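Report on the following structure.
Source: prediction; values computed, not measured. To find a chain, count down the sequence lines: A is the first, B the second, and so on, and within it residues start at 1.
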Protein chains: 2
Amino acid sequence: MVKADTKTVLLDAAEWAARRHGHDGFSYADLSKHVGIRTASIHYHFPAKTDLITALMTRYKGAIAKKLAKLDQDLDSSGDRILGFLDLYRTALNGGDTLCLCVALSMGRDTLTEETLRQIADFRGQTLAWLQEVFALAAQDGSIRNVCDPSKEAAAALALAEGAQVSARSEQNMQRFDHATEMMRQRIRSGPSAAAL
Amino acid sequence: MVKADTKTVLLDAAEWAARRHGHDGFSYADLSKHVGIRTASIHYHFPAKTDLITALMTRYKGAIAKKLAKLDQDLDSSGDRILGFLDLYRTALNGGDTLCLCVALSMGRDTLTEETLRQIADFRGQTLAWLQEVFALAAQDGSIRNVCDPSKEAAAALALAEGAQVSARSEQNMQRFDHATEMMRQRIRSGPSAAAL
DNA sequence: GTCTATAACGGGATAGAC
DNA sequence: GTCTATCCCGTTATAGAC
């Protein structure tokens with residue numbers, strides 16, 4: 001816990017780079033500059049780039065799982081949890097510099113391993129499952145208006161958040177994200193409505 | 001019109017490749033194989049890769065503008081136009097193989113020129129303007145339920161369509177797209193509702 | 001664990017013959 | 001317009017010294 005071991009420092013640099021530039025947009029040479037050891041030394045820790053990516057996705061999935069669990073712990077209403085979810089994706093943008101790792105890797109060319117593709121699908125599955133539960137709760141606590149089928153709500157919410165990230169990053173403009181997600185927030189803010197969708 | 005000139009054949013191949021693999025995911029060597037002329041010959045038509053990308057985006061923007069105009073021409077209700085819009089993005093997926101060129105390039109690394117970035121923003125601006133008009137019409141013809149501010153509706157609809165494309169492509173599964181966009185379609189299909197958002 | 005050195009390859013791009 | 005040949009660079013990855 002006390003010393004920042006090299007592997008962790010490498011993963012930190014790699015996560016940043018991958019979320020900024022995508023899978024094919026960063027090299028061991030880039031990491032070498034940031035971390036201060038030679039590319040050959042990086043290969044000692046992660047023999048192939050795919051090993052790096054795999055470790056990255058595993059760590060990232062766990063980190064997001066924790067954040068989603070914390071939202072459940074800290075917030076009672078489904079509406080607040082969705083607001084927390086949107087804020088998670090907003091924060092991940094870092095002012096338009098970085099995407100969610102999952103989105104960033106999704107775009108990479110077919111350089112990706114089957115294993116990595118599976119991890120990406122797993123990650124989306126984890127998020128979709130969480131969203132689905134929140135929308136199921138929403139059907140009960142009424143803190144989100146016009147709730148439809150939770151599964152469809154979850155799929156739509158994730159697509160909205162990811163799409164909003166993509167356009168915000170491509171113009172490095174956070175307003176794009178805020179604008180695209182404003183309607184979703186309005187379904188929560190202004191209190192429950194009698195009308196079902 | 002009769003002979004397929006080399007430039008057009010190159011653009012066709014490049015568009016397919018770019019939408020499939022992103023900016024850094026295809027090379028002149030790839031085009032060379034598909035088109036049947038050497039890489040040096042491609043440089044004759046497009047001296048630098050950025051020239052190719054610029055020409056690609058220009059042509060693409062015009063093509064989509066035509067398709068959107070055709071939707072306006074063929075369809076009277078705002079609801080049908082949005083359904084047409086979603087189908088446009090669905091078709092662009094080609095079964096999970098290709099993205100909208102704009103989305104595919106958005107993910108590329110910072111290899112992109114300032115000019116290209118401007119073109120990408122322009123393209124989104126064109127689509128957003130069209131969507132905004134459709135939602136403004138919706139506020140009048142009532143063929144879409146719970147219509148909010150047209151500008152926010154447009155931003156949300158574009159993010160939804162792009163995000164749905166990304167997840168569908170990353171798993172090569174069209175159902176992801178259909179699932180994520182189902183709610184939007186339901187706002188149209190089942191007739192107008194008395195409830196405002 | 002980290003280094004130097006190097007292999008092996010693929011990328012964009014140019015020169016000059018035809 | 002298309003070709004062959006070539007350049008230069010960046011990338012992943014390995015061998016072997018320290």
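Distance, B:H23 NE2 to C:dG11 P: 13 Å, rounded to whole Å. With rounding to whole Å, B:H45 atom NE2 is found 16 Å from C:dT14 atom P. One interatomic measurement links the two molecules: CZ of A:F46 to P of D:dT14, which rounds to 15 Å at whole-angstrom precision. Atom CG in A:L31 sits about 12 Å away from atom P in D:dA13, given to the nearest Å. Remark: C1' of C:dG10 and CG of B:D30 are 10 Å apart, rounded to the nearest angstrom. Remark: P of C:dT6 and NE2 of A:H43 are 17 Å apart, rounded to the nearest angstrom. Between B:L10 atom CG and D:dG1 atom P the separation is 12 Å, expressed in whole Å. To the nearest angstrom, P of D:dT14 lies 14 Å from CD1 of A:I42.
Taking 4.0 angstrom as the limit, A:S27 places a side-chain polar atom (N or O) nearer than this to OP1 or OP2 of D:dT11. Side-chain N/O atoms of A:S41 include none lying less than 4.0 angstrom from OP1 or OP2 on C:dG1. A:T6 has a side-chain polar atom (N or O) that falls below the 4.0 Å cut-off from OP1 or OP2 of C:dT2.
Contacts of A:Y28 with the nucleic acid, taken as non-hydrogen atoms under 4.0 Å apart, involve only primed sugar atoms and P, OP1 or OP2.
Relative ring orientation between B:Y89 and B:F85 is described as tilted, the plane-to-plane angle lying within the 30° to 60° band.
Using modelled atom types and a 3.5 Å distance limit, the side chains of B:D141 and B:S77 yield no donor-acceptor pair. Looking at B:T39 and B:S32, their side chains never bring a donor and an acceptor atom within 3.5 Å of each other.
Among D:dT14, C:dA15, C:dG11, the nucleotide with an atom closest to any side-chain atom of B:A29 is C:dG11. Across D:dT4, C:dG1, D:dT12, the shortest atom-to-atom separation from the side chain of A:Y44 is found for C:dG1. For B:K49, the listed nucleotide lying nearest its side chain is C:dG12; candidates were C:dC3, D:dA5, C:dG12.
Interatomic distance, A:Q172 CD to A:L93 CG, rounded to the nearest 0.5 Å: 10.0 Å.
Just one residue in the list A:D5, A:T6, A:D12 forms a side chain to side chain donor-acceptor pair (under 3.5 Å) with A:T8, and that residue is A:D5.
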